[in-house]
Amino acid sequence: MSGWELKLIHIGFGNIVAANRIVAIVNPDSAPIRRIIQEARESGSLIDATYGRRTRAVVITDSGHVILSAVQPETVAHRYLSREEGDEAENLPARPRDHHR
C-alpha cells in the first residue's frame, strides 16, 4: 500500500473500525458521554454495533462518528495497542457457528 498500512480493530460481533480514525474509547456511563451519544443519534452519526446487547464501550472517531460496542473499553484498547505494537498474534475470531441445526 505504498508506505501506508490500514490497521483494523475488532470491536465485537465481526465489526471492525479503522484504528487510525479512533480518537477515544470511553465508558458509556457518564452523563457527558450519554449526551455525546444522544447528539450523535440526532445528527445521524451514531453507529450501533452492539447487536442489542448492553453498550460497554463508546468509540469516538476523528470524523465525529460515535460507535457503540458491547465489548469492554479495556478490551478494545488492548486490541488497539496490540495493533500499534505490530502484534499480529491477535487474529479476528472465526465466524460464529450456526447453532440452529
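Scanning all heavy atoms of the two residues, the minimum distance from Arg56 to Gln72 falls at NH1-NE2, 3.1 Å. Nearest heavy atom pair, residue Pro28 against residue Ala57, reads CD-N, 4.2 Å. Nearest heavy-atom pair across Ile9 and Arg79 is CD1-O, 3.6 Å. Heavy-atom minimum distance, Ala19 versus Tyr80: O-CE1, 3.3 Å. Shown here for Ala18 and Leu8, the closest heavy-atom pair between the two residues is CA-CD2, 4.1 Å.
Tyr51 and Leu68 are members of different hydrophobic clusters when ILVMFWY side chains are connected at heavy-atom separations under 4.5 Å. Hydrophobic clustering, with ILVMFWY side chains joined whenever heavy atoms are under 4.5 angstrom apart, keeps Ile47 apart from Ile37. Criterion: ILVMFWY side-chain heavy atoms under 4.5 Å apart, direct or through other members. Under it, Ile11 and Ile25 are part of a common hydrophobic cluster. Note: the hydrophobic cluster containing Val71 also contains Val17 (ILVMFWY, side chain heavy atoms under 4.5 Å, direct or indirect links). Clustering ILVMFWY residues whenever any of their side-chain heavy atoms sit less than 4.5 angstrom apart, transitively, puts Ile67 in the very cluster that holds Val76.
Distance check: Ser45 OG to Ile60 CD1 gives 10.5 Å after rounding to the nearest 0.5 Å. To the nearest 0.5 Å, atoms OG (Ser43) and CD (Gln38) are separated by 10.0 Å.
Across Leu46, Val26, Asn27, a single residue satisfies side-chain contact (heavy atoms from CB on, under 4.5 Å) together with Val58, and that is Val26.
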